Amino acid sequence: MGETSKEQASEFLTYKGKPLVRCGKTIYYGNMSDPYVVCLTVKSEKKLKDISVSEQVLMQLISTDENASPRDRILKKSEKQGLFTALDLGAVWLERELKK
């Protein structure tokens with residue numbers, strides 16, 4: 001039985017309608033079928049009671065073009081304090097780039 005894309009998207013945690021996929025300390029935001037996604041890498045964490053909270057987060061707007069070299073795939077790069085700040089700015093970057 002074939003699933004619709006809406007059913008497949010519901011399998012992932014989403015932010016502003018786009019999927020979030022985590023692999024270790026790296027989070028990808030956006031659809032891999034789109035021309036661009038945002039890559040967030042947690043560089044440092046701090047303990048807050050019994051949980052770890054992200055401190056420094058490296059964010060990159062990258063192209064999903066597999067033919068481009070890894071260096072050419074990075075369009076923008078920044079480092080932010082906190083995961084929410086990085087994710088919020090990454091969402092703005094992604095929306096602006098996808099509108100072009």
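Bear in mind the structure is a predicted one, so any value in this text is a computation, not a measurement.
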Original post:
Can you list the residues that meet the side-chain contact (heavy atoms from CB on, under 4.5 Å) rule with T64, with sequence neighbours excluded?
Top reply: M32, V37
Original post:
So do the side chains of I27 and L83 get within less than 4.5 Å of each other, counting heavy atoms only?
Top reply: yes
Original post:
Could you give all pairs that pass the ring pair (Phe, Tyr, Trp, His ring centres under 6.0 Å) test and reach residues 14-44, with sequence neighbours left out?
Top reply: Y15-Y29
Subject >> For L98 against P35, the heavy-atom pair lying closest together >> reply: CD2-CD, 3.7 Å
Subject >> Joint cluster assignment, V42 & L48, ILVMFWY side-chain distance < 4.5 Å >> reply: no
Original post:
P19 versus N31: any side-chain heavy-atom pair under 4.5 Å?
Top reply: yes
Original post:
Under a single-linkage definition using a 4.5 Å side-chain heavy-atom cutoff for Ile, Leu, Val, Met, Phe, Trp and Tyr, are I62 and W93 assigned to the same hydrophobic cluster?
Top reply: no
**OP:** Salt-bridge test for K100 and E95: reply yes if a basic N is under 4.0 Å from a carboxylate O, no otherwise.
**Re:** no
**OP:** Measure the CG-CG distance between L94 and L87 for me, rounded to the nearest 0.5 Å.
**Re:** 10.5 Å
Subject >> side-chain contact (heavy atoms from CB on, under 4.5 Å) between R73 and D65, intermediate numbers included >> reply: CA-CA 7 Å; R73 292 174 80 175; D65 182 9; 5.6 Å; no
Subject >> Salt-bridge contact D88-K16 (side-chain N to carboxylate O under 4.0 Å) >> reply: yes
Subject >> Rounded distance [0.5 Å steps], CG in L40 versus CG in L20 >> reply: 8.0 Å
Original post:
What are the two closest heavy atoms between T26 and C39, and how far apart are they?
Top reply: CG2-SG, 3.6 Å
Donor-acceptor pairs under 3.5 angstrom involving side-chain atoms of residues 49-61: please list them, not counting sequence neighbours.
unit_1	atom_1	unit_2	atom_2	d
Q56	NE2	E79	OE2	2.7

Subject >> Residue pair S78 / K76, side-chain heavy-atom distance below 4.5 Å >> reply: no
